[in-house]
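The structure appears below as structure tokens.
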Protein chains: 2
Amino acid sequence: MNDLKKDNTEEKILNAAQNVFIEKGMDGARMQAIADEAGINKALLHYYFRTKEKLFNAIFTKVFSQIFPNLMTMVRSERPLEEKLGMFVETYIDLLQKNPFLPTFILKEMNRNPDFLAKIIKGSGVNPTEVIAMFEKEMDAGKIRRMDPRDILVNILGLSIFPIAAGPLITIMFFENDKAAYKAFIERRKKTVTEFVLNSILIK
Amino acid sequence: MNDLKKDNTEEKILNAAQNVFIEKGMDGARMQAIADEAGINKALLHYYFRTKEKLFNAIFTKVFSQIFPNLMTMVRSERPLEEKLGMFVETYIDLLQKNPFLPTFILKEMNRNPDFLAKIIKGSGVNPTEVIAMFEKEMDAGKIRRMDPRDILVNILGLSIFPIAAGPLITIMFFENDKAAYKAFIERRKKTVTEFVLNSILIK
DNA sequence: TTTTGATTTAACCAACTGGTCAAAAATAAA
DNA sequence: TTTATTTTTGACCAGTTGGTTAAATCAAAA
């Protein structure tokens with residue numbers, strides 16, 4: 001068995017599947033479309049990943065675990081809160097801007113199959129304790145006002161994710177379908193979201 | 001033609017279709033499932049709405065135009081900003097809590113077919129000018145800090161919608177899959193989201 | 001009662017979809 | 001080279017899906 005060729009085909013499949021699944025979702029994706037995008041035969045697709053479900057699970061797990069841990073490392077840094085938040089928001093919005101279908105994909109599929117989501121989360125060892133502890137430390141230090149740290153995290157995520165997920169709506173309602181204007185709007189939010197959050201939680 | 005019977009069947013279909021489409025989305029929904037839920041024959045379903053697409057468009061239009069205008073009336077009231085915002089957030093989160101699949105449904109489908117979304121928005125005459133004008137008036141009056149009013153609106157929507165759309169994730173990560181705890185969390189947010197926003201935009 | 005038109009149904013169909021299989025091609029081992 | 005193993009392919013299949021049709025049922029008008 002040629003490892004190089006095998007790895008190559010498998011990688012081509014994973015890339016193709018990721019593209020198709022993220023855009024169309026589990027129900028909308030077609031095995032034939034994935035095979036086409038990978039430039040291979042449909043039978044070969046089934047040779048590598050026996051079923052659509054197995055392939056989908058592989059992709060969902062991959063995508064999901066690519067996003068969260070990377071951002072955790074940022075939280076762990078020793079920078080002041082303002083900087084950490086700024087970096088997080090900027091990196092995150094940037095990532096989503098480059099993958100505009102990612103938010104709806106994850107949101108839709110986590111609602112379609114919450115059990116599988118639970119399995120992944122438990123398996124990946126990702127838990128938000130660290131982030132929560134960080135916010136609590138800042139509260140103890142009197143730097144930010146007292147509130148449920150979970151609200152802070154959810155708020156940051158909502159402020160970053162929603163504007164991308166609702167991109168088409170915003171583009172039409174606010175910018176008369178001018179995509180460049182929408183893009184600039186999102187670009188600005190890399191700064192304004194941080195300001196908005198800090199303005200709300202910081203004690204002056 | 002018996003109007004009563006016709007209306008009744010059509011209404012049964014619309015209700016059933018709304019349930020199925022909102023939960024499964026366009027791709028995941030099955031005409032047979034809709035017929036079953038409506039308690040009728042599949043042929044009858046096609047008799048009332050010739051194609052799946054026509055039925056879906058009817059539902060999407062209906063759902064979409066049910067949500068936005070209702071909330072506009074709230075904005076038009078002469079109450080102070082704090083009250084208006086409080087009412088809006090509370091009503092909106094409450095609506096979403098009762099229809100947890102609504103956010104992902106609309107987000108997913110608006111991304112699947114942005115052209116149709118544009119058509120609906122143009123048709124419904126809904127535009128956010130009024131809300132933007134309202135925020136600008138408050139800025140002129142020195143009540144809230146100067147910023148892009150579109151950001152304020154998007155932020156409020158994101159803070160309200162995202163926690164419902166990401167319900168499964170939050171339930172697992174923050175509440176060890178305890179649905180009641182998640183529900184209480186969302187309940188609390190009816191107040192805390194308003195506080196969070198006011199804290200950020202109000203000039204003290 | 002008969003007739004007319006709308007409503008409802010069971011049976012059916014063609015296209016699509018995920019998945020299989022046996023054989024061919026390519027690669028590695030002997 | 002020959003043999004064994006893995007990778008790739010084209011043809012195929014069974015189940016599903018959206019949609020059709022002709023006939024049956026029903027309600028109201030004549």
Side-chain angles (χ1 to χ4, degrees), chain A residues 1-63 105 108-109 112-113 115-116, chain B residues 1-63 105 108-109 112-113 115-116:
Chain A
M1 152 181 30
N2 187 338
D3 270 359
L4 256 182
K5 184 185 271 177
K6 190 188 175 186
D7 283 3
N8 202 302
T9 312
E10 195 167 326
E11 209 175 311
K12 276 196 303 184
I13 291 177
L14 286 171
N15 274 335
Q18 182 163 334
N19 290 339
V20 176
F21 274 132
I22 285 183
E23 182 171 342
K24 307 274 189 179
M26 168 65 165
D27 293 329
R30 296 286 160 252
M31 291 300 268
Q32 187 60 59
I34 295 173
D36 290 348
E37 175 130 351
I40 57 161
N41 194 288
K42 190 171 60 126
L44 190 57
L45 186 58
H46 283 278
Y47 172 77
Y48 277 85
F49 298 85
R50 240 164 311 164
T51 67
K52 184 183 183 185
E53 206 193 331
K54 278 191 207 308
L55 179 57
F56 175 83
N57 288 354
I59 296 297
F60 189 80
T61 308
K62 185 188 158 204
V63 168
F105 169 70
K108 170 87 222 212
E109 300 306 333
R112 195 181 62 90
N113 193 355
D115 291 341
F116 185 62
Chain B
M1 155 179 30
N2 186 338
D3 271 359
L4 257 181
K5 185 187 269 178
K6 191 189 176 184
D7 284 3
N8 202 301
T9 311
E10 195 167 327
E11 208 175 312
K12 276 197 302 184
I13 291 177
L14 286 171
N15 274 334
Q18 182 163 335
N19 291 339
V20 175
F21 273 131
I22 285 183
E23 182 171 344
K24 308 273 188 178
M26 169 63 165
D27 293 328
R30 296 286 159 254
M31 292 300 268
Q32 186 60 60
I34 295 172
D36 289 348
E37 175 129 352
I40 57 162
N41 194 287
K42 190 170 61 124
L44 189 56
L45 186 59
H46 283 279
Y47 173 77
Y48 276 86
F49 297 85
R50 240 165 311 163
T51 68
K52 185 185 181 182
E53 207 192 331
K54 277 190 207 309
L55 179 56
F56 174 83
N57 287 353
I59 296 297
F60 189 80
T61 308
K62 185 186 157 205
V63 167
F105 169 70
K108 171 85 220 211
E109 302 305 334
R112 195 179 62 90
N113 193 355
D115 291 341
F116 184 63

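We name chains A, B, ... by the order of the sequence lines, and we start the count at 1 in each one. No hydrogens, no waters, no symmetry mates; every other heavy atom, side chains included, goes into these values.
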- Among dG19(D), dT20(C), dT20(D), the one nearest A43(A) by side-chain distance: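 Nearest listed nucleotide: dT20(C).
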
- Message: If you only use heavy atoms from C-beta on, which nucleotide in dT8(D), dG18(C), dA10(C) is closest to the side chain of L44(A)?
- Response: dT8(D)

Starting at [atom1] of [X] and ending at [atom2] of [N], how long is that distance when rounded to a whole Å?
X      : N       : atom1 : atom2 : value
L45(B) : dA10(C) : CG    : P     : 15 Å
D27(B) : dC16(C) : CG    : C1'   : 14 Å
E53(B) : dT17(D) : CD    : C1'   : 16 Å
D36(B) : dT8(C)  : CG    : P     : 16 Å
H46(B) : dT9(C)  : NE2   : P     : 14 Å
K54(A) : dG19(C) : NZ    : P     : 10 Å
M31(A) : dA14(D) : CE    : P     : 20 Å
Q32(A) : dA11(D) : CD    : C1'   : 13 Å

- Apply the side chain to side chain contact (heavy atoms under 4.5 Å, CB included) test between I34(B) and each candidate in L55(B), I59(B), N15(B); give the one that qualifies. L55(B)

Polar side-chain atom of [X] near backbone of [Y] as donor-acceptor pair, under 3.5 Å:
X      : Y      : answer
Q18(B) : V63(B) : no
E10(B) : Y48(B) : no
K62(A) : N57(A) : no

- Any N/O donor-acceptor pair, K52(B) side-chain to dG19(D) base, under 3.5 Å: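 Under the 3.5 Å cut-off, the side chain and the base do not form any donor-acceptor pair.
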
- Item | 5′-ward residue of the pair N41(A)/R30(A) relative to DNA chain C | R30(A)

- Query: Between Y47(B) and dT20(D), does any side-chain N or O lie under 4.0 Å from OP1 or OP2?
  - Reply: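 No, no such contact exists.
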
- Message: With a cut-off of less than 4.0 Å, is there a side-chain N or O of T51(B) near OP1 or OP2 of dG18(D)?
- Response: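 No, because none of the side-chain N or O atoms of T51(B) sits under 4.0 Å from OP1 or OP2 of dG18(D).
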
- For A29(B), answer base if it contacts any base atom (sugar-phosphate contacts may also be present), sugar-phosphate if it contacts only those atoms, and nothing otherwise; contact means non-hydrogen atoms under 4.0 Å. sugar-phosphate

- Query: Think R112(B) forms a cation-pi with F60(B), using NZ or CZ under 6.0 Å from the six-ring centre and within 45 degrees of its axis?
  - Reply: no

